[in-house]
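In what follows, chains carry the letters A, B, and so on, assigned in the order in which the sequence lines appear, proteins first and then strands, with residues in each chain numbered from 1. Any value given below was found using the heavy atoms of this structure, including those in side chains, with hydrogens, waters and symmetry copies removed.
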Number of protein chains: 2
Amino acid sequence: MNSDRRRTTIKDIAETLHLSVSTVSRALQGNPRISKETTEKVKKMALSLDYSIHGPAAALRTGQGNNIGVIVPRINRQFFSSLIGGIEQVLRTNALNTFIYQTQESFENEQQGVQAMLNAGVDGLMISLSIETQAFDHIERFIRSGRPVVFFDRCMEDSSLSCVMIDDFNAAYQMTEHVLANGCKKLVYLGGSEHLMMYRNRRKGFEQALLDHHIQPSDVHIYENSLTREKGYDITRQLIETGQTPDAIVSASDFSALGSILCLKEAGINIPEQVCVTGFANELFSEVMDPSLTTVEQHAREIGMKAAEIMVRNIKGFSEIETVLIPTELIIRKSSLRHR
Amino acid sequence: MNSDRRRTTIKDIAETLHLSVSTVSRALQGNPRISKETTEKVKKMALSLDYSIHGPAAALRTGQGNNIGVIVPRINRQFFSSLIGGIEQVLRTNALNTFIYQTQESFENEQQGVQAMLNAGVDGLMISLSIETQAFDHIERFIRSGRPVVFFDRCMEDSSLSCVMIDDFNAAYQMTEHVLANGCKKLVYLGGSEHLMMYRNRRKGFEQALLDHHIQPSDVHIYENSLTREKGYDITRQLIETGQTPDAIVSASDFSALGSILCLKEAGINIPEQVCVTGFANELFSEVMDPSLTTVEQHAREIGMKAAEIMVRNIKGFSEIETVLIPTELIIRKSSLRHR
DNA sequence: TTGTAAGCGTTATCAA
DNA sequence: TTGATAACGCTTACAA
């Protein structure tokens, strides 16, 4: 545990082999200008001396660090962790490291995260904005540094930036149509923050479906900022207690849908016969809960992979801007499927 | 999107202010040797020039990169993502960045990951071994570089290394006692890979409880490598078909427990009255599935935080070795609680 | 095919 | 209180 042990450098290899550092550097890179034997010798010595390249030094010299910063609201959400899995896989196969930072949905943390990425000298930034974020100086600062930025899921609304997200409008539209097709007429919608495009789009999709099917607006309640299990529970309880029980609860989150279902079950209300409930995200629990939850599969891993691919192309010098919509999939389960 | 834009350096600041780079460097660090006015001036200019420190260069000079590598089998497991959340939080409050790498349970990826960390010049390594890992040259290589290594959850069995894990033996022991207290006598155990200490310890805890309660070994079946939903389902189906249905299935994983439950429900077998089922990990779905699953809460976040604290202390020069057992919590739910 | 030397952005030593 | 300069480990013209 020799903690003041100096690391092996190419200089060490050069000295033991009586070569110059440049020869060693080139040999290590497999440069054809170096003879086969020398290259072989150098690589062998590198191995036996426990050499590993000092990335930061190489980065300093070449201006390329091979590190990509990834900023997400939370890492312990099925959606984001799968998405990161996709990012990581694509970046790795392109010899890029993944630097992760989670904001915990805090704007301040997000600012710090971007600064940390700037300091770390990452070659590009992939980010999904926090719920709180409404100002973008920190992002613009990064962009000014001349390095690529790719948004995913929660994007900045600027068409000159790359963004990969799902088709929220359509997903919500289809979901609402499905609920209406099951005979529901008095709907409650549990939405998110209106300043995030994705939640606005979901709400718009919901409303458009109602419009297209001639549902009376007076029969509909829309709640903002209602994405948590607790919110779902509380709102549902309040509706029941005030005699306003709807016949469908369409939620922009599996968690609030879960809260609603728990509350309805407690109140002895039958799902789906009396009330249909739908969620959003296809969290692991949605399949195995009782009743199983109708929801939207977002293909998180693919979103991550697609975003990473755009980043890789940008890093390689193709500075194209892309906005990609990953198609969603309606997963119909018991919580919304009536038998008539 | 000026991609050949040179980044602002302290030299730029120095020139515009007619100061030397050393003064600027010191001012930026808040060195008291620099006058208040100069410090102020420099910081203001840094801001207006969009300056941010170039970490790699500073790392090269100081030998301290403030980056910690974290290697995990998978990121999209509730357990690991929560754990990483804990790590990230502690490291960040100590001005350390988190470098993440997932092995997908592959030994080859793990080797590459350690190498990537070595190259990235991280100051320390936090790692949970892949299931496949049985050789440790890559780890020893990192240790030889003189930088601290902290294991979590899946550790190398070497008392000269720091490790944070849960008390698997006791957790399994308590779980087994709970099942026995519910009157079960013919038990099936679904375990993991025997070469991982944690799974060995769980199996030992299970067996010790049987021993202490005088259960006939002939009434017990132990399966190795049975941690997935599919394995749980298949083994359970096979037991039922061959007329060997047990009265309890104790699993080392929530996923195989889930598989078992799905199979039992399909076969019309009552849980828990005919068969008790227990899992391990308290995955999100275990609470909301039907029946809710008795399991073990591992306090993943705390494991991460504790491991990160040890790392931070090592980075700061205290090279103490610590093995920490985080206490678990038995979460008793419907899948194992008989009413008599 | 190999070597020399400059320079990436920063910090730290020494000098003023 | 500030400045000049060397050094960290690496890559890459340019030279041999």
Side-chain angles (χ1 to χ4, degrees), chain A residues 4-43 45-46 49-67 118-123 145-147, chain B residues 4-43 45-46 49-67 118-123 145-147:
Chain A
D4 37 37
R5 191 177 182 345
R6 211 178 51 75
R7 66 180 294 146
T8 305
T9 70
I10 52 172
K11 201 173 159 202
D12 299 320
I13 301 178
E15 279 168 6
T16 41
L17 253 31
H18 304 292
L19 286 167
S20 73
V21 288
S22 44
T23 304
V24 173
S25 171
R26 281 189 273 251
L28 255 15
Q29 293 174 80
N31 189 315
R33 278 168 50 183
I34 304 298
S35 75
K36 275 229 162 100
E37 309 105 70
T38 309
T39 301
E40 198 100 316
K41 247 193 329 190
V42 168
K43 288 194 172 169
M45 183 55 72
L49 287 184
D50 260 351
Y51 172 80
S52 62
I53 192 173
H54 190 266
L60 180 57
R61 180 58 236 248
T62 62
Q64 276 250 353
N66 297 330
N67 300 321
L118 238 14
N119 296 348
V122 297
D123 298 315
S145 81
R147 286 167 283 182
Chain B
D4 40 36
R5 188 179 185 348
R6 210 179 50 75
R7 66 179 294 146
T8 305
T9 69
I10 52 173
K11 200 173 160 200
D12 298 321
I13 301 176
E15 278 167 6
T16 39
L17 287 175
H18 304 292
L19 286 168
S20 73
V21 288
S22 36
T23 303
V24 172
S25 172
R26 281 189 275 252
L28 254 16
Q29 295 174 77
N31 188 316
R33 278 169 50 183
I34 304 298
S35 74
K36 275 230 164 100
E37 309 104 71
T38 310
T39 301
E40 200 100 316
K41 248 193 330 194
V42 168
K43 288 193 170 169
M45 184 55 71
L49 288 183
D50 259 351
Y51 171 80
S52 61
I53 193 172
H54 190 267
L60 179 58
R61 181 58 237 248
T62 61
Q64 277 251 352
N66 298 330
N67 299 321
L118 238 14
N119 296 348
V122 297
D123 299 316
S145 80
R147 287 167 284 182

Whole angstroms only, please: what is the [atom1]-[atom2] distance between [X] and [N]?
| X | N | atom1 | atom2 | result |
| --- | --- | --- | --- | --- |
| A/E15 | D/dC10 | CD | P | 13 Å |
| A/I53 | D/dT11 | CD1 | C1' | 9 Å |
| B/Q64 | D/dG9 | CD | P | 14 Å |
| A/K11 | C/dA5 | NZ | C1' | 14 Å |
| A/I10 | D/dT12 | CD1 | P | 11 Å |
| B/L28 | C/dA12 | CG | P | 13 Å |
| A/R7 | D/dG9 | CZ | P | 8 Å |
| B/H54 | C/dT10 | NE2 | C1' | 10 Å |

Problem - Position toward the 5' end of DNA chain D (nearest nucleotide), B/T62 or B/H18 - result: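 Result: B/H18.
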
Quick check: any donor-acceptor pair below 3.5 Å linking the side-chain of [X] to the base of [N]?
| X | N | result |
| --- | --- | --- |
| A/S22 | C/dT4 | yes |
| A/R26 | C/dT2 | no |
| A/R61 | C/dG9 | no |

Within the 4.0 Å heavy-atom criterion, would you say [X] contacts the bases, only the backbone, or no part of the nucleic acid?
| X | answer |
| --- | --- |
| A/S35 | sugar-phosphate |
| B/S25 | base |
| B/T9 | sugar-phosphate |

Problem - Separation of A/H54 NE2 from A/I10 CD1 (nearest 0.5 Å) - result: 12.0 Å

Practice task
Could you grab the distance from atom NZ of A/K41 to atom CG of A/L17, nearest 0.5 Å is fine?
Solution key: 5.5 Å

Handout entry: B/Q29, nearest nucleotide to its side chain (from C/dA12, C/dA5, C/dG3)
Key =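 Selected nucleotide: C/dA12.
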
Handout entry: Nucleotide of C/dG3, D/dG9, D/dT2 approaching B/L60 most closely (side-chain heavy atoms)
Key =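 The nucleotide sitting nearest to the side chain is D/dG9.
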
Practice task
Using the side-chain contact (heavy atoms from CB on, under 4.5 Å) rule, take A/L19 and A/T38 through it: C-alpha gap first, then chi angles, then the decisive distance, then the call.
Solution key: CA-CA 9 Å; A/L19 286 167; A/T38 309; 3.8 Å; yes

Handout entry: Distance below 4.0 Å between A/T23 side-chain N/O and C/dT1 OP1 or OP2
Key =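 False: A/T23 side-chain N/O out of range (4.0 Å or more) of C/dT1 OP1/OP2.
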
Handout entry: Expected output: side-chain B/S25 to main-chain B/V21 donor-acceptor under 3.5 Å
Key =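 Such a contact is absent between B/S25 side chain and B/V21 backbone.
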
Practice task
Please check if the side chain of B/D123 supplies one atom and the backbone of B/G65 the other of a donor-acceptor pair under 3.5 Å.
Solution key: yes

